[in-house]
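Notes follow the structure.
Keep in mind it's a predicted model, so treat the numbers as computed, not measured.
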Amino acid sequence: MRDVKVTPIKNGTVIDHITPGMALHVLKIIGIPDTGVQSTVSVLMRVPSHKEKWKDIVKVEDRELDKSQVDKIALIAPNATINIIRNFNVVEKHHVEAPDEVVGLVRCENPSCITNKPREPVRSRFTVACRDPLQLRCGYCERITTDVAKHLF
C-alpha cells in the first residue's frame with residue numbers, strides 16, 4: 001500500500017475519525033462550498049485507521065466550527081474527533097458526542113408531523129432512541145428517524 005501525503009495546515013480544524021463515506025456530509029454541514037471558502041480544504045476518504053478499519057478525514061484551513069456544526073457531525077459520525085490547529089500544532093482535541101436531545105437540527109421524516117407544517121412555528125425535537133446505530137425519536141409524532149444524514153437541516 002502506498003502512503004498518501006497531505007500537507008499540514010497552519011491554522012484551522014481537522015475532523016478525524018469520520019465514519020467512512022460521511023466526509024461529503026461533513027462538508028455540507030460546515031457549509032462548503034456554499035460559504036465561498038478561500039482557504040485550503042482537504043478531504044480524505046476511506047483512509048486506513050488504527051482505531052477502526054477505515055475512516056474519512058476533513059481538514060479546513062483558517063476555520064473553526066460552531067457548536068451546532070459539531071452537534072450535527074456527532075449525529076452522523078459519532079466517533080469523530082475535532083482537532084483545532086494553531087501554528088501547525090494541535091492545541092485542542094475534542095471527541096464529539098451526540099446529545100441526548102436534538103433540537104432544531106434534524107427534520108422529522110414523517111411528512112405529517114407538525115414540525116413539517118410551514119404554518120406551524122414548531123422546532124423539531126428528538127430524543128436518542130438508540131446510539132448504535134443512531135436512531136432518533138420525534139418528540140411530537142414519535143416516528144423513529146434512522147437516516148439522520150438525509151434529514152439534517
Side-chain angles (χ1 to χ4, degrees), residues 6 8-9 11-47 49 51-86 90-118 120-153:
V6 178
I9 60 175
N11 297 300
T13 303
V14 176
I15 307 158
D16 197 0
H17 300 288
I18 300 169
T19 306
M22 290 292 160
L24 299 179
H25 290 289
V26 169
L27 289 177
K28 183 177 178 187
I29 288 169
I30 63 177
I32 295 171
D34 299 339
T35 57
V37 175
Q38 301 297 315
S39 302
T40 301
V41 176
S42 300
V43 179
L44 294 84
M45 298 180 74
R46 291 198 49 83
V47 177
S49 172
K51 280 187 177 180
E52 52 271 335
K53 190 173 183 177
W54 300 100
K55 66 180 180 178
D56 290 356
I57 303 170
V58 172
K59 297 169 71 170
V60 184
E61 191 137 25
D62 300 323
R63 178 94 174 270
E64 293 187 18
L65 307 180
D66 64 36
K67 182 177 177 357
S68 172
Q69 293 168 327
V70 172
D71 287 347
K72 287 180 183 180
I73 290 168
L75 295 174
I76 64 166
N79 296 318
T81 57
I82 309 293
N83 300 289
I84 306 302
I85 312 297
R86 295 199 183 109
V90 176
V91 295
E92 293 178 38
K93 183 172 188 168
H94 306 283
H95 295 275
V96 300
E97 186 174 326
D100 293 328
E101 185 176 56
V102 179
V103 179
L105 300 178
V106 179
R107 182 177 58 255
C108 183
E109 64 181 37
N110 176 2
S112 299
C113 182
I114 191 168
T115 61
N116 289 321
K117 303 295 181 190
E120 296 291 340
V122 179
R123 292 178 70 193
S124 65
R125 180 177 302 276
F126 293 86
T127 55
V128 175
C130 181
R131 289 199 179 271
D132 191 15
L134 185 66
Q135 297 178 357
L136 301 178
R137 180 185 315 279
C138 179
Y140 297 97
C141 72
E142 298 194 2
R143 170 83 56 101
I144 298 288
T145 297
T146 55
D147 188 355
V148 176
K150 181 178 176 183
H151 293 89
L152 286 174
F153 282 120

Give the C-alpha distance, both sets of side-chain angles, the deciding distance and a yes or no for side-chain contact (heavy atoms from CB on, under 4.5 Å) between V14 and I57. CA-CA 7 Å; V14 176; I57 303 170; 4.0 Å; yes
Using 0.5 Å steps for rounding, measure from the CD1 atom of I32 to the CG atom of L24. 11.5 Å
Any salt bridge linking D66 with K72? Criterion: basic side-chain nitrogen under 4.0 Å from a carboxylate oxygen. no
Which pair of heavy atoms, one from A23 and one from I18, lies closest together, and at what distance? N-CG2, 4.0 Å
Given the rule in the side-chain contact (heavy atoms from CB on, under 4.5 Å) test, do C138 and S124 qualify, once you have shown the distances and angles that lead to the verdict? CA-CA 7 Å; C138 179; S124 65; over 6 Å; no
Closest non-hydrogen atom pair, D147 against H151: O-ND1, 3.0 Å
Rounded to the nearest 0.5 Å, how far does OG of S39 lie from NZ of K59? 13.5 Å
Are any non-hydrogen side-chain atoms of V60 and V58 less than 4.5 angstrom apart? yes
Roughly how far, to the nearest 0.5 Å, is the CD1 atom of I9 from the CG atom of D62? 8.0 Å
Can any side-chain N or O of D56 pair as donor or acceptor with the backbone N or O of R46 at less than 3.5 Å? yes
Is there a donor-acceptor pair under 3.5 Å between the side chain of T40 and the backbone N or O of E61? no
Please round to the nearest 0.5 Å and tell me the distance separating atom CG of L75 and atom CG of L152. 6.5 Å
Distance from I85 atom CD1 to K93 atom NZ, nearest 0.5 Å? 9.5 Å
Considering non-hydrogen atoms only, spot the tightest contact between R107 and K150 and give its length. NH2-O, 3.4 Å
Ignoring hydrogens and angles, tell me if any N or O in the side chain of R131 forms a donor-acceptor pair with the backbone of A98 under 3.5 Å. yes
Heavy-atom distance under 4.5 Å between the side chains of L134 and P78, does that happen here? no
G21 versus M45, closest heavy-atom pair with distance: CA-CE, 4.2 Å
Would a distance-only check, ignoring hydrogens and angles, find a side-chain to backbone donor-acceptor pair under 3.5 Å from N116 to N110? yes
When rounded to the nearest 0.5 angstrom, what distance separates SG in C130 from CD in Q135? 5.0 Å
Min side-chain heavy-atom separation L65-I82 under 4.5 Å: yes
Do V148 and T146 have side chains that approach each other closer than 4.5 Å (heavy atoms only, starting at C-beta)? no
Side-chain heavy atoms of S68 within contact of D71, under 4.5 Å: no
Give a yes or no on whether a salt bridge exists between D16 and K55, defined as a side-chain N under 4.0 angstrom from a carboxylate O. yes
So do the side chains of R123 and T115 get within less than 4.5 Å of each other, counting heavy atoms only? no
Taking side chain as C-beta onward, heavy atoms only, is S49 less than 4.5 Å from H17? yes
Applying side chain to side chain contact (heavy atoms under 4.5 Å, CB included) between Q69 and each of T13, I30, L105, report the one that passes. I30
Please walk me through it: do F126 and T145 pass side-chain contact (heavy atoms from CB on, under 4.5 Å)? CA-CA 9 Å; F126 293 86; T145 297; 3.8 Å; yes
Trace of the side-chain contact (heavy atoms from CB on, under 4.5 Å) decision for E101 with V103: CA-CA 6 Å; E101 185 176 56; V103 179; 3.9 Å; yes
Within the 4.5 Å heavy-atom criterion, are I29 and I76 side-chain neighbours or not? yes
Nearest heavy-atom neighbours spanning K117 and P111: NZ-O, 3.9 Å
Check whether the side chains of E92 and H94 place a donor and an acceptor atom closer than 3.5 Å, and report yes or no. yes
Smallest heavy-atom separation, V96 atom then A77 atom, equals CG2-O, 3.4 Å
